[in-house]
There are 2 protein chains.
Amino acid sequence: MALDHAILVSLTERAASGYDLARRFDASIGHFWPASHQQIYRVLARMQEAGWVASTVQEQDGRPDKKTYAITPAGEAELNRWAAGPSGREAVRSDFAVKLRGFRDRDAIIADTRVRRADHVARLTEYEASEARFYPDPSALEGADLGAWLALRGGIHTERRGIEWCDEILTALEGPGSR
Amino acid sequence: MALDHAILVSLTERAASGYDLARRFDASIGHFWPASHQQIYRVLARMQEAGWVASTVQEQDGRPDKKTYAITPAGEAELNRWAAGPSGREAVRSDFAVKLRGFRDRDAIIADTRVRRADHVARLTEYEASEARFYPDPSALEGADLGAWLALRGGIHTERRGIEWCDEILTALEGPGSR
DNA sequence: TGGCTCATGTAAGGAGTTACATGATTAA
DNA sequence: TTAATCATGTAACTCCTTACATGAGCCA
């Protein structure tokens with residue numbers, strides 16, 4: 001059900017079409033809760049039926065009509081209800097850890113680890129650039145900005161520990177100095 | 001499909017019934033790929049049909065019959081095939097990060113963060129105890145043991161960064177010194 | 001001419017969760 | 001006598017993924 005709330009949070013920041021939301025999810029919220037456009041359209045339809053969002057259609061020339069969704073008071077109430085409750089522990093599901101655990105193909109693991117490391121570095125770079133750009137003075141943050149910054153910090157920690165882990169794996173499998 | 005491979009890895013270590021596997025998942029492999037007994041029974045049935053595992057039934061007095069599953073050569077081949085390929089990046093889905101991002105209820109977030117922190121500490125303690133007990137001399141490890149240790153290291157890194165993140169959140173929301 | 005962006009969806013299937021079901025033994 | 005452990009499953013449901021579908025404009 002958390003996709004519902006992720007969409008509501010995003011709509012609180014600004015009304016949007018399904019298409020817009022899909023792009024936002026690719027760029028920002030999706031780092032914490034990825035979603036495809038197909039899923040987003042389905043959930044929007046469901047939430048409209050529940051009265052949590054309302055849509056207005058805009059015609060556009062040369063382009064398909066655009067349905068813009070906005071959060072309703074009922075949607076706000078639902079967000080508040082959800083925000084007040086505890087969040088569940090998220091399940092860790094790592095194909096990679098299972099593969100390590102079943103240790104069979106040293107070279108495949110090394111290759112895999114290198115790819116993962118590069119991926120972590122890329123995302124860390126992206127997060128750090130966002131942090132420098134949008135939150136240069138964290139001690140001055142309040143409310144929504146503070147929350148968004150803390151969420152970003154979570155991403156930064158995740159990527160850093162991912163790099164550390166990859167380095168440990170590479171050191172153990174290839175010996176130090178060969179990376 | 002990775003539950004299939006997690007079960008196969010576990011069966012490689014030792015043949016087991018669905019019930020045994022469910023307990024093993026609760027205790028160890030499940031830290032990287034949680035699974036309920038219902039799921040495990042379903043996957044075992046599917047893998048038996050595919051010829052990846054074979055079962056023998058043992059009668060027991062005073063207790064229900066026990067179906068013990070073992071991996072077959074076809075299952076070994078499948079595991080090797082899977083181990084040689086790259087592993088996908090796992091999707092991060094964090095209810096908690098979405099909640100932070102939508103920052104609405106400071107007290108609820110603080111309470112939530114404290115619970116999460118305690119949870120991370122508990123698991124970290126467990127992992128560190130396992131490490132000290134089973135892998136006192138990591139530099140001497142090889143093969144399957146090395147893989148299992150590296151997987152455990154991943155868990156340790158995850159919990160540590162989880163604690164760091166929680167501390168950062170609590171510091172930002174309550175100010176330093178009040179924790 | 002071929003692919004990208006904008007914009008909306010449907011449909012089928014795989015994976016995971018939750019609830020239900022049965023039945024004997026053993027420990028508090 | 002109540003609950004937990006051992007041991008097996010079925011059924012319904014939600015959620016996510018992948019593939020398919022349409023159609024106009026724009027850039028190389």
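Each chain gets a letter, A, B and so on, in the order the sequences are listed, and its residues count up from 1.
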For this session: May I ask you to decide whether B:Arg81 forms a salt bridge with B:Glu78, counting only side-chain N to carboxylate O separations under 4.0 Å?
Result: yes
Exercise. Does the pair B:Arg23/B:Asp20 count as a salt bridge with the N-to-O cut at 4.0 Å?
Worked result: yes
All N/O pairs under 3.5 Å across the protein-nucleotides 4-8 of chain C interface:
{"from": "C:dC6", "atom 1": "OP2", "to": "A:Tyr19", "atom 2": "OH", "distance (Å)": "2.8"}
{"from": "C:dA7", "atom 1": "OP1", "to": "A:Gln60", "atom 2": "OE1", "distance (Å)": "3.1"}
{"from": "C:dA7", "atom 1": "OP1", "to": "A:Gln60", "atom 2": "NE2", "distance (Å)": "2.6"}
{"from": "C:dT8", "atom 1": "OP1", "to": "A:Lys67", "atom 2": "N", "distance (Å)": "2.9"}
{"from": "C:dT8", "atom 1": "OP2", "to": "A:Tyr19", "atom 2": "N", "distance (Å)": "2.9"}
{"from": "C:dT8", "atom 1": "OP2", "to": "A:Tyr41", "atom 2": "OH", "distance (Å)": "2.8"}
{"from": "C:dT8", "atom 1": "O5'", "to": "A:Tyr41", "atom 2": "OH", "distance (Å)": "3.3"}

To the nearest Å, give me how far apart [atom1] ([X]) and [atom2] ([N]) are.
| X | N | atom1 | atom2 | result |
| --- | --- | --- | --- | --- |
| A:Asp4 | D:dC15 | CG | P | 7 Å |
| A:Arg46 | D:dC16 | CZ | C1' | 12 Å |
| A:Arg42 | C:dA12 | CZ | P | 13 Å |
| B:Gln38 | C:dG16 | CD | P | 13 Å |
| A:Ile40 | D:dT17 | CD1 | C1' | 14 Å |
| B:Arg24 | D:dA7 | CZ | P | 13 Å |
| B:Asp95 | C:dT17 | CG | P | 14 Å |

Problem set entry | B:Asp26: partners by salt bridge (charged side-chain N to carboxylate O under 4.0 Å, His left out), with sequence neighbours left out | none
Problem set entry | Note, B:Ile163 side chain near B:Arg160 side chain (heavy atom, < 4.5 Å) | no
For this session: Kindly say whether A:Gly51 contributes a backbone atom to a donor-acceptor pair with the side chain of A:Thr72 at under 3.5 angstrom?
Result: yes
Exercise. Is there a donor-acceptor pair under 3.5 Å between the side chain of A:Lys99 and the backbone N or O of A:Asp105?
Worked result: no
OP1, OP2 of [N] versus side-chain N and O of [X]: anything below 4.0 Å?
| X | N | answer |
| --- | --- | --- |
| B:Gln39 | C:dT17 | yes |
| A:Trp33 | D:dC15 | no |
| A:Arg93 | C:dT17 | yes |

